[in-house]
Amino acid sequence: MHLLYSPDAVRAAEAPMLAACEAAGNPDQLMRQAAYGLAVHIARAVTNRPALPEPTVAGPETLAALTKPAPSMPGTGSQLRGALIVGLIGPGNNGGDGLYALAELSGRGARCVAVMVADRWHERAAAAAAAAGVEVVKHHKREAAQGSGATKHNEVLQHLACADVIVDAVLGIGAKGGMPIPGWDADAQTWAVHGETLDALVVAADCPSGLNTQTGNADEMVPLADITVTFGALKRGLVAGAAREKTGDIYLVEIGLQAPQDTHLMPRLITPADAESELLAPRPGDHKYSRGVLGMVAGSPAYPGAAVLCSTAAAAIGAHDAGRGGIGMLVTAGRGAAGQAVVQTLPEVVNIDRAELASPAGSAESASNGWPAVTSKVNAWVVGPGLGEEPEDLEPALAVMRGTQGPVIVDASALAVWEPSIAARTDTDAGAEVSTKVHVLTPHAGEFLALVQRLGIDAADPAEDPVSAARDLAAAVGAVVLLKGSATVVAAPSGVTFLAASAAATLARAGSGDKLAGVLGAMLATHAARASARGEELSLERIAQLCAAAAVVHGLKYSAA
Ligand SMILES: NC(=O)C1=CN([C@@H]2O[C@H](COP(=O)(O)OP(=O)(O)OC[C@H]3O[C@@H](n4cnc5c(N)ncnc54)[C@H](O)[C@@H]3O)[C@@H](O)[C@H]2O)[C@@H](O)CC1
């Protein structure tokens, strides 16, 4: 699990270290450390492309390929000889990182060019770069406006066209929007005039320039990076929202930052290893009920496929890997074709008539609420995938939401009829959240906007700041909110938040949400069963964490398909 820092948290963590470096008469020590890490990754990129070591956070492309490149050592001087590395250098400390990195690489034999894209720069780093033999080209807007601008522009283009690596060290966490580079054509993601696609590997220093490292918001001006080498800590805005499409693989360079004392409300990134560790192994003596029973109200005569996707995804967890993460039993409440399709695909499923949830028959074998007896064994429910708008399908879903303590994953069509009053729940001791009635809402951005509008909730825009958006809704309605996106954000009402960033862009297709609902259901059912056997309940924060782990499992399992 990685803590995700806001830019303010990064600055706060850096401050005492910078003061100590200053006092020791070595003010750039931290920057040099960061720059060394950057240089190592650039050297690896030059010498080993495309076999780079495993990133801290895999980008969508890497996930789609699901390759695990072999780790390797940084290149030696001789391997770098002949390589051209061009740094785009901005006015602040991010530019300083770039300059010190170029100085390192120049010392190892690469030809390095620093293009100063602002009319000021980090003086000490620039002096170090010049002393190490880095060529300097000044090409900023003010200078571009003066007579020699066109010639200079062509010179820069020439360098860029021949570069093996372009280092984006224009703006870091101090960016206030935009890319201050003369001639940068954002639409084409290249430099104007020539317009050809550049062959170089683009390495972003700390973050792609212009990215909002608080929210992840990135407009079309922000250049795409093949890899991002970030310093000290993972920034929240590197893995949230649009950032996923900009950063490529992310590598974290440690520079010794101390974590803040109070990290409770810092978002956390769930790694594949974290997610794996949440897949419970079956124990000797387990039986189908003790492993966890998942109930499902999914699919309808109009959309029977959603029920198949949801149930097969739930059943597939645990089908391999010694049964880890697997549920003991799946109970579906089907109607017509939706029920038949599931049973034909998964004969082990217990299918009950959906109508019996909305209008309980109440026979001698019924559960205490009049539902079929098997429902009393259910540890978690999924309601909504493929239900459509018919009352025959939505009423049973509502009955589950109202009539069980949960956890209930409220997905797709069920979100359109969900009300906070349905989830009304009583907290025990002050501050201790227990799952007396737990609902997990799983909107994508469109469903999120429809939901907050219908309920009159003031929430951040998920397209601009997904972490705040999920937190706002969760706090307003008292439910766990799983906001789907290129990174998925899961927030508990307390504000505790987890991110899952292990899904490739290939997952943006019909049916992915249905499968995710099934994986979520399996994760919650297995953990709720274990907790209940111990006489415990899962807290809302724990449920949020498990949901993010399930999103990671889903991303890894289905990204390559
Ligand atoms: N403080 C340190 O010692 C360390 C800082 N680090 C680096 O320093 C970066 C932060 O440095 P800074 O605070 O100097 O911030 P930046 O380097 O991100 O840039 C800030 C400067 O750019 C200007 N600026 C912002 N947006 C602009 C725009 N759209 N157009 C033109 N100019 C713009 C600002 O006015 C300011 O002068 C980090 O991202 C990281 O790369 C690392 O070296 C680690 C150590």
Side-chain angles (χ1 to χ4, degrees), residues 5-42 87-104 114-126 128-129 139-144 167-184 186 203-214 217-223 225 227-238 243 246-247 250-258:
Y5 284 59
S6 65
D8 284 348
V10 172
R11 290 194 194 282
E14 274 175 359
M17 296 182 74
L18 287 175
C21 294
E22 191 83 49
N26 194 356
D28 294 344
Q29 190 188 330
L30 214 53
M31 184 180 286
R32 280 173 175 276
Q33 231 171 299
Y36 180 78
L38 175 60
V40 166
H41 283 85
I42 294 169
L88 300 170
I89 306 299
N93 290 332
N94 191 249
D97 296 331
L99 285 166
Y100 275 127
L102 291 180
E104 288 283 350
V115 180
M116 307 302 215
V117 301
D119 55 6
R120 60 201 161 85
W121 42 81
H122 192 286
E123 295 285 354
R124 287 187 301 269
H139 185 49
H140 44 81
K141 275 187 181 146
R142 187 161 55 80
E143 197 242 27
V167 186
D168 168 8
V170 181
L171 295 172
I173 62 172
K176 297 188 196 81
M179 250 292 268
I181 299 186
W184 170 243
V203 179
D206 211 20
C207 60
S209 290
L211 177 79
N212 185 324
T213 48
Q214 167 79 8
N217 205 2
D219 64 19
E220 68 286 352
M221 287 301 284
V222 175
I227 64 173
T228 294
V229 181
T230 200
F231 311 125
L234 279 181
K235 284 88 197 167
R236 161 177 160 175
L238 279 180
K246 298 285 189 179
T247 62
I250 300 170
Y251 294 88
L252 174 64
V253 169
E254 298 289 355
I255 56 172
L257 294 191
Q258 294 292 314

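Ligands are counted one by one from 1 in listed order, and the atoms in each one are counted from 1 as well.
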Could you tell me which atoms of ligand 1, counted from 1 in the order shown, lie closer than 4.0 angstrom to a heavy atom of [X]?
| X | value |
| --- | --- |
| P91 | 21 (C), 22 (O), 23 (C) |
| R120 | 35 (O), 37 (O) |
| N94 | 8 (O), 9 (C), 11 (O), 17 (O), 39 (O), 41 (O) |
| M31 | 43 (O) |
| A175 | 18 (O), 25 (C), 26 (N) |
| K176 | 25 (C), 26 (N), 34 (C), 35 (O) |

If I apply the N/O under 3.5 Å rule, does I173 come out as touching ligand 1? yes
Please say whether G95 places an N or O atom under 3.5 Å from an N or O atom belonging to ligand 1.
no
The residue among D206, T213, T247 that forms side chain to side chain donor-acceptor pair (under 3.5 Å) with T230 is D206
Does ligand 1 have any atom sitting under 4.0 Å from a heavy atom of Q33? no
Report task. Give a yes/no on ligand 1: does G232 have at least one heavy atom closer than 4.0 angstrom to it? Result -> no
Quick one: look at [X] and ligand 1, take heavy-atom pairs under 4.0 Å, and tell me if it's side chain, backbone, both or neither.
| X | answer |
| --- | --- |
| M17 | neither |
| D206 | side chain |
| R11 | side chain |

For the atom pair [atom1] ([X]) and [atom2] ([Y]), what is the distance rounded to the nearest 0.5 Å?
| X | Y | atom1 | atom2 | answer |
| --- | --- | --- | --- | --- |
| I227 | D168 | CD1 | CG | 12.0 Å |
| Q29 | I255 | CD | CD1 | 10.5 Å |
| N94 | H122 | CG | NE2 | 11.5 Å |
| C207 | N212 | SG | CG | 9.5 Å |

Candidates K235, E14, M221; heavy atom nearest atom 5 (C) of ligand 1 found on E14
Nearest heavy atom to atom 33 (C) of ligand 1, choosing from V117, V10, L257, L171, belongs to L171
So, do [X] and [Y] sit near enough that their side-chain heavy atoms are less than 4.5 Å apart?
| X | Y | answer |
| --- | --- | --- |
| L238 | P208 | yes |
| P27 | L18 | no |
| L38 | F231 | yes |

From the list V229, T228, V203, side-chain contact (heavy atoms from CB on, under 4.5 Å) with H41 holds only for V229
### Query
Donor-acceptor pair, N217 side chain versus D219 backbone, under 3.5 Å?
no
